[in-house]
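Only one structure is covered here, and it is reproduced in the block below.
We're numbering straight along the sequence, starting at 1.
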Amino acid sequence: MSTKIRLAKYIAHAGVCSRKQASRLIDEGAVIVNNRPANHIDHVDEQDHITVNGQIIKGAAELIYFAYHKPVGIDCKLDQNDPTSLYHHLPTITRVYPIGRLDKDSRGLLILTNDGELCNQLIHPDFHQPKRYLVSVNKSIDAEFCTKMAAGVPVDKQITLPCSVEKIADKQFSIILKQGLNRQIRKMAHYCGYKVIDLYREQISELTLQTLNLAQGQYIAINKSDILK
């Protein structure tokens, strides 16, 4: 006899989306359990009849992982009606989704997977997985700028967590974040009086674009161990 688990966790294990996104789908009424609207407290197993947006969900999916070098101009929202959407650039082997989105004007490393638990490990602040970015701005930076950014600045009514900021060139710096607020780096730089010209994510946890040697717009199959050691 199988052990029943929380519905959101079951949906994540089935490769539909992350656990957080599954909870959102439950709130939206998109999840049906045994012919009734789902509740967050539902515990289910493979004997239950579960649909998400009308599609039957059954058991744990085979977990797959890809690294994708996102170009500027690709929107990470999975909207099949938007020609600029990442939806049109995903591997077609099975359903995958991006972990740690990049905004449309940014480029660099994305992880594509159907592993909802990995998604939780990489984006939840309790796990503190670093993401490294190279950022170019519109004017010269100095030590004061780096110190101010690293200490934390107001973004969306909260102070960003302390982070590592290092000057790379006259108008370029590297930053390592362990959180992922919406357009965080752009808003941090704006608070300090700068405008981001180019934002490039080169690393997520242990995985780097440099070692993958991946051209813009390309993706490659990887292993989970390439991301988390």
- Hey, is the main chain of Leu109 close enough, under 3.5 Å, to the side chain of Arg201 for a donor-acceptor pair? yes
- Message: My understanding is that only residues two or more places apart in sequence, or in another chain, count here; which of them pass side-chain contact (heavy atoms from CB on, under 4.5 Å) with Asn81?
- Response: Asp79
- Message: Going by the rule side chain to side chain donor-acceptor pair (under 3.5 Å), which residues pair with Asp115 if we only count those two or more places apart in sequence or in a different chain?
- Response: Tyr65
- Task: Without swapping roles, check the side chain of Ser23 against the backbone of Arg19 for a donor-acceptor pair under 3.5 Å.
- Result: yes
- Are Ile74 and Tyr68 close enough, and set up right, to give a side chain to side chain contact (heavy atoms under 4.5 Å, CB included), and what steps lead you there? CA-CA 12 Å; Ile74 300 297; Tyr68 174 63; 4.2 Å; yes
- Before giving the answer on ring-ring contact (aromatic ring centres under 6.0 Å, His included), spell out for Phe145 and Tyr194 the whole-Å C-alpha distance, their side-chain angles and the decisive distance to 0.1 Å. CA-CA 10 Å; Phe145 168 83; Tyr194 290 76; 4.6 Å; yes
- Query: Which heavy atom in Ala189 sits nearest to a heavy atom in Val196, and how many Å separate them?
  - Reply: CB-CG2, 3.8 Å
- Taking only residues two or more places apart in sequence, or in another chain, which ones meet Asp42 in a side chain to side chain donor-acceptor pair (under 3.5 Å)? Arg36
- Side chain proximity check, Glu206 to Ile227, heavy atoms < 4.5 angstrom: no
- Item | Remaining members of hydrophobic cluster (4.5 Å side-chain criterion), Ile50 | Ile5, Leu7, Tyr10, Ile11, Val16, Leu25, Ile26, Val31, Val33, Val44, Val52, Ile57
- Are Leu212 and Leu228 linked, directly or through other ILVMFWY residues, by side chains that come within less than 4.5 angstrom of each other? yes
- Does the side chain of Met149 come within less than 4.5 Å of Thr160's, by heavy atoms? no
- Leu110 and Ile99 have their tightest heavy-atom pair at CD2-O, 4.0 Å
- Ion pair check, Asp156 and Lys187, cut-off under 4.0 Å: yes
- Query: What about Tyr191 and Tyr133, same hydrophobic cluster or not, with Ile/Leu/Val/Met/Phe/Trp/Tyr joined at side-chain heavy-atom distances under 4.5 Å?
  - Reply: yes
- Query: Should Leu207 and Ile176 be regarded as members of a common hydrophobic cluster, given that ILVMFWY residues are connected when their side-chain heavy atoms come within less than 4.5 Å of each other, either directly or indirectly?
  - Reply: no
- Query: Mind checking whether His69 and Tyr200 have parallel, tilted or perpendicular rings, split at 30° and 60°?
  - Reply: tilted
- Ignoring hydrogens and geometry, is there a side-chain-to-backbone donor-acceptor pair from Asn114 to Ile64 under 3.5 Å? yes
- Item | Lys195 side chain reached by His190 side chain, heavy atoms, under 4.5 Å | no
- Apply side chain to side chain donor-acceptor pair (under 3.5 Å) to Ser205 and list each qualifying residue two or more places apart in sequence or on a separate chain. Gln129
- Exercise: identify the closest heavy-atom pair between Val96 and Pro91: CG2-CD, 4.0 Å
- Task: Taking Asn34 for its side chain and His49 for its backbone only, find out whether a donor-acceptor pair lies under 3.5 Å.
- Result: yes
- Item | Sub-4.5 Å side-chain heavy-atom contact between Pro98 and Leu86 | yes
For residues 161-175, please give each side-chain donor-acceptor pair under 3.5 Å, one per line with the distance, not counting sequence neighbours.
{"from": "Lys167", "atom 1": "NZ", "to": "Ile141", "atom 2": "O", "distance (Å)": "3.2"}
{"from": "Asp170", "atom 1": "OD1", "to": "Ser140", "atom 2": "OG", "distance (Å)": "2.9"}
{"from": "Asp170", "atom 1": "OD2", "to": "Ser140", "atom 2": "OG", "distance (Å)": "2.8"}

- Given side chains that start at C-beta, do those of Arg107 and Leu199 come closer than 4.5 Å, heavy atoms only? no
- Task: Indicate yes or no for a side-chain donor-acceptor contact from Lys77 to the backbone of Asp82 under 3.5 Å, with no hydrogens or angles considered.
- Result: no
- Note on the structure: Nearest heavy-atom approach of Lys131 to Leu122 is NZ-O, 4.3 Å
- When clusters are formed by joining ILVMFWY residues with side-chain heavy atoms under 4.5 Å apart, either directly or through shared neighbours, do Leu134 and Ile204 land in the same one? yes
- Are Thr113 and Phe66 close enough, and set up right, to give a side chain to side chain contact (heavy atoms under 4.5 Å, CB included), and what steps lead you there? CA-CA 6 Å; Thr113 185; Phe66 294 91; over 6 Å; no
- Task: Spell out, as yes or no, whether a donor-acceptor pair under 3.5 Å connects the side chain of Ser106 to the backbone of Leu102.
- Result: no
- Task: Could you pull out the closest heavy-atom pair between Val153 and Cys192, with the gap in Å?
- Result: CG1-SG, 4.2 Å
- Query: Going by an N to O cut-off under 4.0 Å, is there a salt bridge joining Asp103 and Arg186?
  - Reply: yes
- Item | Polar side-chain atom of Thr84 near backbone of Asp75 as donor-acceptor pair, under 3.5 Å | no
- Are any side-chain N or O atoms of His88 and backbone N or O atoms of Gln80, one a donor and one an acceptor, separated by less than 3.5 Å? yes
- Task: Identify the heavy atoms of Lys58 and Asp48 that sit nearest to each other, and give their distance.
- Result: NZ-O, 3.7 Å
